[in-house]
Amino acid sequence: MQTIQLKKFGNVLISRPAGLEAFNAIRPQLDPDVPLQIDFDDVLTVTPSWLDEFLTNLTDFNGGKVELLPTKNASVLAALPVLAEARKDFVAATVLRALER
Amino acid sequence: MDTNRDKVRIGEAARMLGVSDQTLRNWEKTGKLRAERTAGKQRYYDVEDLKKFSLDLEQLGLAWATSALAPELPSEYYCERPDRFTSRVAKMGAELQKNSRVSEDLASLLTLVAGEIGDNSFAHNIGNWVDVPGVFFAYDFSKRIIVLADRGRGVKTTLQQVRPNLTTDVDALRVAFTEVVSGRNPEKRGNGLKVVRAVAESRQLGLLLRSGIGVVTIPTSTGRMQIKMTTENVRGAYAVIHF
């Protein structure tokens with residue numbers, strides 16, 4: 001299991017292009033066969049656009065082996081139910097598993 | 001005292017703002033408007049701070065969104081490009097975290113809502129700005145408001161790319177705030193305004209968003225969303241967040 005700490009990308013994570021940029025920056029360090037977990041600690045805000053883009057690319061990259069670590073981050077908790085409803089793919093599965101926890 | 005900037009005593013400051021001396025003392029106690037002190041403990045105010053305080057950010061943003069010709073804006077309220085907007089939202093978030101009157105959760109949600117609305121302006125207008133690119137973005141913690149405005153194509157025109165049958169601004173706002181647009185084609189859609197709506201309906205902040213002649217309101221008093229038609233046309237989008 002490999003952990004991605006989102007704080008590496010900043011305190012406030014906004015926009016699709018920035019979400020894609022973050023994925024491209026970290027991809028060389030990732031192995032598509034190793035499951036990933038995402039850590040939201042010490043991040044103030046992640047917008048739905050950034051999270052959607054980042055998760056879409058990550059789950060496409062490793063076939064959906066992505067888990068979200070439990071968080072109390074208000075922006076993440078607000079975005080997850082809408083992402084789960086909007087997406088019908090690996091992203092929805094990752095988000096639904098996190099919401100169940 | 002910084003001698004490079006004009007300073008005034010409390011009486012002159014009160015006259016400039018049209019309030020009493022006592023009101024200014026109360027505002028100082030509650031943190032609404034800070035006063036500095038001379039060595040002799042007399043209050044004094046920075047004239048530039050007073051001018052900023054007296055600016056009506058809602059009117060300024062509305063002028064940016066509605067006027068035929070783009071008005072001149074103070075540079076601190078204008079983000080021509082997305083990177084400038086992102087850095088200013090991050091700065092606002094950091095300031096909110098330090099503000100003792102704002103909880104960590106509220107700081108997170110205000111930054112989300114402002115970030116998502118402003119980012120939408122860039123994402124849906126890039127290469128298609130009607131005249132002047134960019135976003136008006138201003139906030140005043142003492143008045144507990146954040147204002148955003150753009151001179152883009154508006155919600156209806158941008159949504160018509162994925163929903164060609166949309167005919168009115170009110171319908172477009174309803175789709176933007178209530179309907180989940182699934183999948184990634186023909187255009188990537190973040191469904192961010194659905195999240196903005198969910199946050200506002202939790203009553204932690206209030207929202208007004210206008211585009212064309214449509215207006216969405218979600219007041220903190222009820223947390224209930226209403227979408228209506230108005231008479232004055234907004235060229236792109238205009239949003240006020242109250243908290």
Side-chain angles (χ1 to χ4, degrees), chain A residues 6-23 25 40-61 68 70-93 95-96 98-99, chain B residues 79 81-98 102-124 126 137 177-184 187-202 204-205:
Chain A
L6 289 194
K7 68 179 176 188
K8 282 184 186 172
F9 303 111
N11 188 38
V12 173
L13 306 175
I14 288 170
S15 91
R16 282 186 179 278
L20 176 61
E21 199 177 308
F23 168 73
F40 296 95
D41 277 3
D42 299 324
V43 173
L44 174 66
T45 296
V46 188
T47 67
S49 298
W50 193 98
L51 191 58
D52 190 34
E53 189 70 23
F54 190 68
L55 283 183
T56 299
N57 282 284
L58 272 186
T59 53
D60 281 355
F61 175 73
L68 309 181
T71 180
K72 290 181 180 167
N73 185 301
S75 67
V76 176
L77 295 178
L80 291 184
V82 175
L83 278 187
E85 189 188 349
R87 304 298 302 265
K88 305 294 177 202
D89 52 13
F90 285 142
V91 173
V95 169
L96 285 170
L99 287 173
Chain B
C79 304
R81 295 165 52 83
D83 51 354
R84 189 171 184 83
F85 175 70
T86 301
S87 67
R88 286 195 173 168
V89 173
K91 178 169 171 269
M92 181 190 77
E95 290 174 12
L96 283 167
Q97 280 185 292
K98 286 186 206 148
V102 176
S103 70
E104 181 79 7
D105 280 0
L106 184 57
S108 176
L109 295 173
L110 287 167
T111 309
L112 179 158
V113 171
E116 192 65 38
I117 291 173
D119 179 53
N120 268 349
S121 293
F122 288 106
H124 298 311
I126 203 109
F137 171 50
F177 275 86
T178 65
E179 289 185 26
V180 166
V181 185
S182 296
R184 303 175 67 185
E187 186 197 22
K188 282 185 182 178
R189 289 256 157 208
N191 293 299
L193 289 180
K194 265 70 75 178
V195 178
V196 166
R197 174 189 164 201
V199 170
E201 286 183 339
S202 73
Q204 294 178 81
L205 55 89

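Naming convention: chains lettered A, B, ... in sequence-line order (proteins, then strands); numbering from 1 in each chain. Computed from a predicted model, the values in this text were never measured in an experiment.
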With chain A, which of B:A94, B:A198, B:A107, B:P82 has the greatest number of heavy-atom pairs at distances under 4.5 Å? B:A107

Thinking salt bridges, do A:D41 and A:K7 make one under a 4.0 Å N-O criterion? no

Quick one: list whatever passes side-chain contact (heavy atoms from CB on, under 4.5 Å) with B:S202, sequence neighbours left out. B:Q204

Mind checking ring-ring contact (aromatic ring centres under 6.0 Å, His included) for A:F9 and listing every partner two or more places apart, or none if nothing turns up? A:F54

Pairs of heavy atoms under 4.5 Å with chain B: top-ranked of A:P81, A:G10, A:A78: A:A78

Quick one: which of A:L51, A:T47, A:V76 has the most heavy-atom pairs under 4.5 Å with chain B, could you say? A:T47

With distance as the sole test, does A:S49 use its side chain to make a donor-acceptor pair with the main-chain N or O of A:R16 at under 3.5 Å? no

